[in-house]
Amino acid sequence: MKFSNTLIYWYLQNNRELPWRKSKNPYFIWLSEIMLQQTRVAQGLSYYLKFTEAFPTVFDLAKADESTVLKMWQGLGYYSRARNLHFSAKLIANELNGEFPSTYKEIIKLKGIGDYTASAIASICFNEPTAVVDGNVYRVLSRYFGIFTAINSTAGIKEFKTLAQTLIDEIKPGTYNQAIMDFGALHCKPQNPLCNSCPFSESCIAFEKKLTKELPVKEKKIKVRKRYFNFLVIKTDDNKTILSERKGKGIWQGLYQFPLIESEQIINQEEIIASEKFIDLFPNETTISLFNKKEIIHKLSHQHLYTNFWVVETKKHKKANVSWSKIEDFPVPILIANFLDQFQLKK
DNA sequence: CACGCGTGGGC
DNA sequence: TGCCCAAGCGT
């Protein structure tokens with residue numbers, strides 16, 4: 001049987017019932033695709049439900065403040081997705097009359113949408129035969145065809161996209177695209193793929209040659225940077241604290257945090273108090289204590305953050321801009337959200 | 001265009 | 001435990 005037919009047949013029996021699959025509304029499909037970038041269905045699902053309830057149309061999303069969108073995105077990671085989603089929602093609502101672009105060529109122009117997402121939306125919503133290539137597709141195709149070209153090399157990206165495009169079902173491109181991804185996620189898994197019950201076991205090169213574990217090939221690994229974070233959790237007499245938005249290019253752009261003293265190594269209380277930032281913030285007397293007994297190691301994909309939370313009690317402070325009762329309104333990285341949970345618990 | 005961007009789950 | 005992985009994209 002044809003590759004695509006086998007896949008679609010498998011899909012008809014094994015597909016997952018997911019809320020966005022009940023619709024071909026490009027707004028819903030778009031939302032789901034952005035949320036699922038580099039994210040498991042199990043992690044993204046509740047966010048999808050929350051977003052579609054709060055923002056049933058692109059106009060509702062466009063009307064929201066960016067900080068509200070980020071707050072709702074809190075915990076899902078890769079926050080530029082939320083900022084780009086919101087940017088594009090405003091563009092669609094205000095400049096396109098709320099009408100989602102209907103071709104791959106137009107869809108990919110939107111901020112936050114690349115080749116994968118444009119292909120997914122164009123095929124699922126508008127029946128355009130544009131093949132998706134995500135992590136699942138790399139795995140399925142590299143194994144089935146026995147391709148050792150690195151999936152994250154320029155040559156690999158091109159080779160797999162071209163191959164995927166030759167395999168797509170021209171009649172049901174959307175179904176085909178979802179089928180190959182579900183097949184990769186549920187059957188041709190990274191570890192312990194279900195080769196013994198596989199509809200491709202007669203023709204899969206990796207299965208035949210016992211190369212499943214070697215494929216797909218991925219080049220080089222990322223190096224992890226170590227950073228040392230000291231957050232100053234301020235409690236003033238009038239029950240306020242200081243939060244500020246992270247600007248610029250690095251991690252957590254648009255999210256809020258406590259005043260941060262970053263150091264090259266682990267530093268102790270004396271060094272905190274002696275630091276320029278601390279003196280600038282607290283020229284007068286304060287009480288300082290370390291909240292966490294052991295330093296918290298927060299692991300991002302490419303940074304390890306060795307973190308201490310220092311509770312600083314002080315008199316009224318002119319820079320204290322946030323009431324403790326309002327602190328939950330601010331979008332914060334999960335590292336800080338977890339701290340706040342612990343901190344509020346102890347009170 | 002190689003790199004930076006989060007978080008959580010699985011083994 | 002440490003490492004890899006997960007419906008990628010912007011710069």
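Note on naming: letters A, B, ... go to the chains in the order of the sequence lines (proteins, then strands), and numbering restarts at 1 for each one. These numbers come from a predicted model, not from an experiment.
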For this session: Measure centre to centre between the rings of F309(A) and F343(A), then say whether the value is under 6.0 Å.
Result: no

Exercise. For N292(A) and N308(A), does a side-chain donor sit closer than 3.5 Å to a side-chain acceptor?
Worked result: yes

Exercise. With a 3.5 Å cut-off and no angle check, do the side chains of T149(A) and E159(A) form a donor-acceptor pair?
Worked result: yes

Exercise. Taking atom types as modelled and ignoring hydrogens, do the side chains of S244(A) and Q257(A) form a donor-acceptor contact shorter than 3.5 angstrom?
Worked result: no

Problem set entry | Between dC9(C) (P) and Y78(A) (OH): distance, integer Å | 12 Å

For this session: Report yes or no: do T241(A) and K319(A) form a side-chain donor-acceptor pair below 3.5 Å?
Result: no

Exercise. Looking for any heavy atom pair under 4.0 Å, which part of the strands does R21(A) touch: base, sugar-phosphate only, or nothing?
Worked result: base

Can you give each donor-acceptor pair under 3.5 Å made by side-chain atoms of residues 56-63 of chain A, sequence neighbours left out, with the distance rounded to 0.1 Å?
residue	atom	partner	partner atom	Å
T57(A)	OG1	F59(A)	N	3.2
T57(A)	OG1	D60(A)	N	3.3
T57(A)	OG1	D60(A)	OD2	2.9
D60(A)	OD2	T57(A)	N	3.0

Problem set entry | Side-chain hydrophobic cluster, 4.5 Å single linkage: members besides F278(A) | L232(A), I234(A), I242(A), I261(A), I267(A), I272(A), I273(A), L281(A), F282(A), I288(A), L290(A), W310(A), V312(A)

Exercise. Any side-chain donor paired with an acceptor under 3.5 Å for D115(A) and Y104(A)?
Worked result: yes

Problem set entry | 5′-ward residue of the pair N152(A)/Q38(A) relative to DNA chain B | N152(A)

Exercise. Under 3.5 Å, is there a donor-acceptor pair linking the side chains of E33(A) and Y116(A)?
Worked result: yes

For this session: Give the dot-bracket string for DNA chain B, reading 5' to 3', where a pair is Watson-Crick or G-U wobble with both distances under 3.5 Å, ( ) marks pairs inside the strand, [ ] marks pairs crossing earlier ones, | marks a partner on another strand, and . marks unpaired.
Result: .||||.|||||

Problem set entry | Contact list for DNA chain B against residues 124-132 of chain A - heavy-atom distance below 4.0 Å | none

Exercise. With rounding to whole Å, what would you report as the distance between dA7(C) and dC11(B) at their P atoms?
Worked result: 16 Å

For this session: Would you kindly give the CG-to-P distance between L76(A) and dG8(C), to the nearest whole Å?
Result: 12 Å

Problem set entry | P spacing across the pair dT11(C) / dG6(B), given as an integer number of angstrom | 14 Å

Exercise. Along DNA chain B, 5' to 3', what are the outermost nucleotides having an atom less than 4.0 Å from a heavy atom of chain A?
Worked result: dA2(B) to dG8(B)

Using nucleotides 3-5 of chain C, report all nitrogen or oxygen pairs with the protein that are shorter than 3.5 Å.
residue	atom	partner	partner atom	Å
dC5(C)	O2	R40(A)	NH2	3.3

Exercise. For L76(A) and R81(A), which heavy atoms make the closest approach, and how far apart are they?
Worked result: O-NH2, 3.1 Å

For this session: Calculate the interatomic distance between Q37(A) atom CD and dG8(C) atom P; express it in whole Å.
Result: 7 Å

Exercise. How is W73(A) classified with respect to the nucleic acid when contacts are heavy atoms under 4.0 Å: base, sugar-phosphate, or nothing?
Worked result: nothing

Exercise. What residue among Y47(A), F55(A), F51(A) forms ring-ring contact (aromatic ring centres under 6.0 Å, His included) with W73(A)?
Worked result: F51(A)

Exercise. With a 4.0 Å cut-off on heavy atoms, is G75(A) in touch with a base, just the backbone sugar-phosphate, or nothing at all?
Worked result: sugar-phosphate

Problem set entry | Lys/Arg-Asp/Glu bridge criterion (N-O < 4.0 Å) met for D329(A), K71(A) | no

For this session: Identify whether any heavy atom of I29(A) sits under 4.0 Å from a base atom; if not, whether one sits that close to sugar-phosphate; answer base, sugar-phosphate or nothing.
Result: nothing

Seminar exercise, completed: Note: with side-chain heavy atoms under 4.5 Å as the link, the other cluster members for I171(A) come out as none

Problem set entry | Test side-chain hydrogen bond (donor to acceptor under 3.5 Å, both in side chains) applied to R227(A) - qualifying residues, sequence neighbours left out | E262(A), Q303(A)

Exercise. Quick one: CZ on F291(A) to CZ on F231(A), what's the gap to the nearest 0.5 Å?
Worked result: 14.5 Å

For this session: Measure from CZ on R16(A) to P on dA6(C) and round the result to the nearest Å.
Result: 12 Å

Seminar exercise, completed: Note: with side-chain heavy atoms under 4.5 Å as the link, the other cluster members for V224(A) come out as none

For this session: Take atom CZ of R81(A) and atom P of dG8(C), then tell me their distance rounded to the nearest Å.
Result: 9 Å

Exercise. Between atom CG in D182(A) and atom P in dA6(C), what is the gap in whole Å?
Worked result: 14 Å

For this session: For Q303(A), report the nucleic acid contact type (base, sugar-phosphate, nothing); a contact means any heavy atom under 4.0 Å.
Result: sugar-phosphate

Exercise. Roughly, in whole Å, what's the span from CG in L85(A) to P in dG8(C)?
Worked result: 16 Å

Exercise. Looking for any heavy atom pair under 4.0 Å, which part of the strands does G250(A) touch: base, sugar-phosphate only, or nothing?
Worked result: sugar-phosphate

For this session: Go through residues 113-122 of chain A and report each residue with a non-hydrogen atom lying under 4.0 Å from DNA chain B, sorted by number.
Result: none

Exercise. So which pairs with a foot in residues 15-43 of chain A pass ring pair (Phe, Tyr, Trp, His ring centres under 6.0 Å), sequence neighbours left out?
Worked result: W20(A)-Y48(A), W30(A)-F100(A)

For this session: Please tell me which of M181(A) and G112(A) maps to the more 5' nucleotide of DNA chain C, matching each residue to the nucleotide holding its nearest heavy atom.
Result: M181(A)

Problem set entry | Nearest-Å distance for atom pair CD1/C1', residues I34(A) and dC9(C) | 9 Å

For this session: Classify the nucleic acid contact of I251(A) as base, sugar-phosphate or nothing, counting any heavy atom under 4.0 Å across all strands shown.
Result: sugar-phosphate

Which atom pairs, one a donor and one an acceptor, fall under 3.5 Å between side chains of residues 201-213 of chain A and the rest of the protein, sequence neighbours left out?
residue	atom	partner	partner atom	Å
S201(A)	OG	C198(A)	O	3.1
S203(A)	OG	Y144(A)	OH	3.0

